[in-house]
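Below: the structure, in structure tokens.
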Amino acid sequence: MELQAVTGKLYMREGEPQQTTAIPGLLAQAPPAKAVRGRTRDFLFVHLSLSGQPDTYKNLAEDLLDALSKRFYSSAGSVTASLRQSILEANQLLLRQNLSRSGPAREGALTCAVLRENELFVVQAGEALALIGRNFGLERLPAHEPDQVTPLGRTAGLDLRYFHNWLESGDMLLLADPRVTHLPQEALKPVLIDSTVEDSLPQLAQLLDRETARMLIVEFTDETPVGIPDSVIPLGSQQRRTQPSSGPSGRALSPPERQPQRAQAGPTTQPSPLDRVRSASLPDIDLPSATTVEDTARRASSQTAMGLSRVTGWLADLMSRLRPAGSGEADEGEQPGWALPAMLAVLIPLIVALVVGGVYVQRGRVARIGEIRSEMRQALIAGQETGNEMEARQQYEQALTLAAEADMLRPGDDEIDRLRRQAQTALDSIDDVTRLSSEILYEYPEGSQMTGVVLRAGFNGDIYTLDGGNNRVFVHDTEEDYLTFVSEHPEEILFGGQAVGSHVVGQLLDLMWRPNGSQVTDEGVAVLDARGALLTYHPGFSNVRSAPLGLASDWGRPVAITQFNERLYVLDSGTQQIWRYFPEGNGFYVDEGQRALSLPDLDAATDVAIYSEDGSVIVLYGDGRLRRYGQDSVLWDEASLADSGLDTPLVAPTRVRIIGSGLNSSIFVADPGSARIVQLSLGGTFLAQYKARTPQSGEELFANLGDFDVAETPLRIFVTADNALYVATQE
């Protein structure tokens with residue numbers, strides 16, 4: 001059955017309910033007949049507050065709501081993107097009004113909510129307030145006072161807040177003036193939990209007392225409301241298919257389908273304020289149906305029974321063999337034996353037991369999923385309400401544990417995933433983690449294992465990737481932003497077994513960008529070959545050159561390369577050395593007095609980087625250590641990082657890069673063990689840590705990281721993981 005919305009408005013002025021449907025700043029609108037494709041299922045609710053008394057800005061509020069509604073229903077794309085465009089347009093209109101000085105300057109607060117099926121999208125600007133009532137408690141939007149609030153109409157830039165919720169039958173939404181934020185949530189619980197619109201309106205009027213306020217309240221139900229007063233009107237799916245009519249404020253609202261009440265004779269009395277609230281004409285809007293737990297349980301039961309249909313079909317075949325259709329009795333000499341009936345007598349109870357057992361198992365799973373959802377919501381609310389960081393962490397971790405249990409019962413549940421993301425976001429806030437949004441730039445064929453990525457320096461773009469699983473190197477031709485691909489597919493520039501001059505390519509281990517200099521005449525991407533050579537692809541000439549590296553016969557287990565002052569350094573964890581090669585034309589030579597760098601514990605090292613200004617060496621160890629060496633002494637180590645703000649130590653780091661130049665450089669460390677990338681200063685001070693989820697499955701992206709590179713201003717982190725190339729950017 002389709003979910004319906006019963007919508008009511010309340011306008012109190014100094015404690016007196018106003019008998020008008022044209023309440024300034026409130027809008028509840030169904031999709032108009034000419035809504036753009038993609039907006040035909042979106043129902044819009046708006047609460048707009050401006051400085052001053054509502055009656056003094058009635059016309060201005062009407063203009064702003066008209067502009068916002070028109071823009072929303074004419075904008076294609078996602079709900080949040082369309083809401084953002086609509087709010088910005090309304091803000092520009094109010095800003096121009098203020099700058100024209102044709103009237104008093106006004107600032108505002110705005111809450112826009114859009115319902116699509118059983119999803120609720122909310123965007124807020126300024127000191128807006130919204131409450132969602134559920135069977136487990138109240139959810140306040142925003143949960144806490146924002147650090148920065150920019151009112152509507154003050155500037156062209158706004159600080160918008162975005163929220164997303166899944167609705168269930170019985171939930172209620174309240175959009176209210178910011179002036180009533182002083183009302184305690186405990187007092188509002190009877191209004192929004194286990195209540196109805198017709199009961200909530202008089203309760204709100206009592207709570208407001210002598211206040212002046214405007215309220216928009218919506219009740220969501222999967223049952224057709226009966227016996228409701230005239231002031232509250234539900235809209236069902238049948239009305240949504242009719243042509244909307246113009247409401248009192250000139251906005252399109254679907255017409256109610258009710259029989260008019262007959263006038264009753266009797267003595268007339270002066271109505272009380274609460275009676276006037278009940279009799280106020282309230283606009284309405286309908287919503288699609290939502291799947292309830294009971295519906296899901298019935299569906300699971302039917303699927304279980306359908307899964308045994310083949311068994312019952314076989315049983316029917318046996319029955320037909322016992323008594324063929326169309327014969328009243330068996331022919332002589334063809335009487336069935338006793339074995340078949342005996343077998344059926346045993347099988348029939350077993351089949352019935354299987355069917356009944358399967359139904360109860362499915363119902364039990366559905367019931368447990370519902371319990372987990374409720375427990376997760378309670379844990380999230382408890383984490384938000386407690387003032388103790390440790391207790392909040394425990395609540396959020398409990399929610400993640402419950403989510404893991406739900407995945408075992410029913411993987412891919414949307415509501416569980418949403419609650420999991422809320423808990424993870426809350427933990428990120430506690431841990432000072434910056435959450436990035438990710439997208440796939442390119443997906444390589446199955447079987448690829450992308451282990452390297454490097455960006456071409458300068459203003460030309462281009463991304464180079466290493467497929468360690470298939471021993472190949474690719475180049476993606478891109479624009480300067482690295483995000484705009486010039487060609488659909490990458491070009492393969494290097495592969496195992498390829499002949500480069502007299503050298504045959506072996507196992508490709510690592511790659512880096514090598515700029516030109518006094519010795520290096522042509523820039524290009526340099527790739528370390530396990531057979532003792534550096535292979536360089538020069539994009540200007542589209543060719544590959546090979547330069548042999550001396551002492552390669554002494555290598556043990558080379559794992560990474562880096563450079564300093566045009567010199568090449570090879571990290572060899574097998575011999576616990578960092579081999580040093582000096583440039584000479586297009587090749588290298590070895591200085592016997594400076595063959596290698598010997599630093600402690602290089603057998604556990606996974607990567608190395610050298611600071612271009614002073615030649616200090618940064619060594620990353622697989623056990624979580626990170627140290628900066630200068631002149632064979634430790635400048636700082638992992639203990640220094642802990643003292644500087646890195647509360648969670650590195651778990652299993654794999655890659656380290658120095659990004660930037662000179663004093664503006666910073667260190668980025670990839671730690672798949674904790675699914676993050678950490679940013680540090682050259683002095684060993686913690687700056688930030690980043691996490692991101694994969695767009696397709698929602699898993700932690702950096703947990704499977706093969707390699708990464710960073711482009712700044714704006715921050716873009718390019719990541720290879722499994723068989724794909726991703727980019728993670730700030731939301």
Side-chain angles (χ1 to χ4, degrees), residues 407 411-412 436 438-456 461-478 482-483 485-500 503-513 524-537 539 542 544 546 557-561 573 606-607 622 652-655 657 670-673 675 677 691-709 716-728:
D407 287 342
L436 306 177
S438 69
E439 63 174 304
I440 294 179
L441 293 179
Y442 189 81
E443 191 166 1
Y444 300 89
E446 289 292 334
S448 301
Q449 189 63 41
M450 310 309 296
T451 57
V453 59
V454 66
L455 305 177
R456 180 180 180 180
D462 294 351
I463 304 174
Y464 296 86
T465 57
L466 170 61
D467 179 4
N470 296 309
N471 206 30
R472 301 178 298 175
V473 176
F474 300 95
V475 56
H476 293 270
D477 188 8
T478 74
Y482 300 110
L483 301 176
F485 281 38
V486 176
S487 56
E488 183 178 357
H489 299 290
E491 176 188 356
E492 184 180 281
I493 58 175
L494 202 58
F495 55 89
Q498 177 182 353
V500 180
H503 179 79
V504 178
V505 177
Q507 184 63 42
L508 304 174
L509 302 176
D510 193 15
L511 72 169
M512 68 177 183
W513 181 258
V525 60
V527 186
L528 179 63
D529 188 344
R531 289 181 176 173
L534 187 73
L535 308 171
T536 305
Y537 172 79
S542 299
V544 181
S546 172
R557 191 173 68 252
V559 295
I561 56 175
S573 59
T606 61
D607 203 3
T654 58
R655 287 293 194 179
R657 289 187 182 271
D671 184 20
I677 291 179
K691 287 188 176 183
R693 299 185 181 92
T694 58
Q696 64 272 43
S697 63
E699 299 176 351
E700 292 291 347
L701 172 60
F702 300 151
N704 299 315
L705 177 146
D707 195 9
F708 77 100
D709 203 352
R716 290 149 290 163
I717 301 179
F718 296 84
V719 174
T720 53
D722 297 329
N723 69 324
L725 171 66
Y726 298 83
V727 63

Side-chain touch [X]/[Y], heavy atoms, less than 4.5 angstrom:
X: Pro490; Y: Thr465; value: no
X: Glu439; Y: Val727; value: yes
X: Tyr464; Y: Ile493; value: yes
X: Asp707; Y: Leu466; value: no
X: Arg456; Y: Val525; value: no
X: Pro653; Y: Thr606; value: no
X: Leu535; Y: Val473; value: no

Give a yes or no on whether the backbone of [Y] and the side-chain of [X] come within a donor-acceptor separation of less than 3.5 Å.
X: Asp510; Y: Ile561; answer: yes
X: Asn723; Y: Glu443; answer: no
X: Asp529; Y: Gly506; answer: yes
X: Ser438; Y: Arg693; answer: yes

| said: Ignoring hydrogens, what is the shortest heavy-atom contact between Arg655 and Ala560? Give both atom names and the distance. | reply: NH1-CB, 4.3 Å
| said: How close do Gly524 and Pro539 get, counting heavy atoms only, and between which atoms? | reply: CA-CD, 3.9 Å
| note | With sequence neighbours left out, the residues meeting side chain to side chain contact (heavy atoms under 4.5 Å, CB included) with Arg472 are Ser448, Asp467, Asn470, Phe474, Glu492, Phe495
| said: Over 60° means perpendicular and under 30° means parallel, so tell me whether Phe485 and His476 are parallel, tilted or perpendicular. | reply: tilted
| message | Leu705 and side-chain contact (heavy atoms from CB on, under 4.5 Å): which single residue from Ile677, Thr720, Val453 fits? | response | Ile677
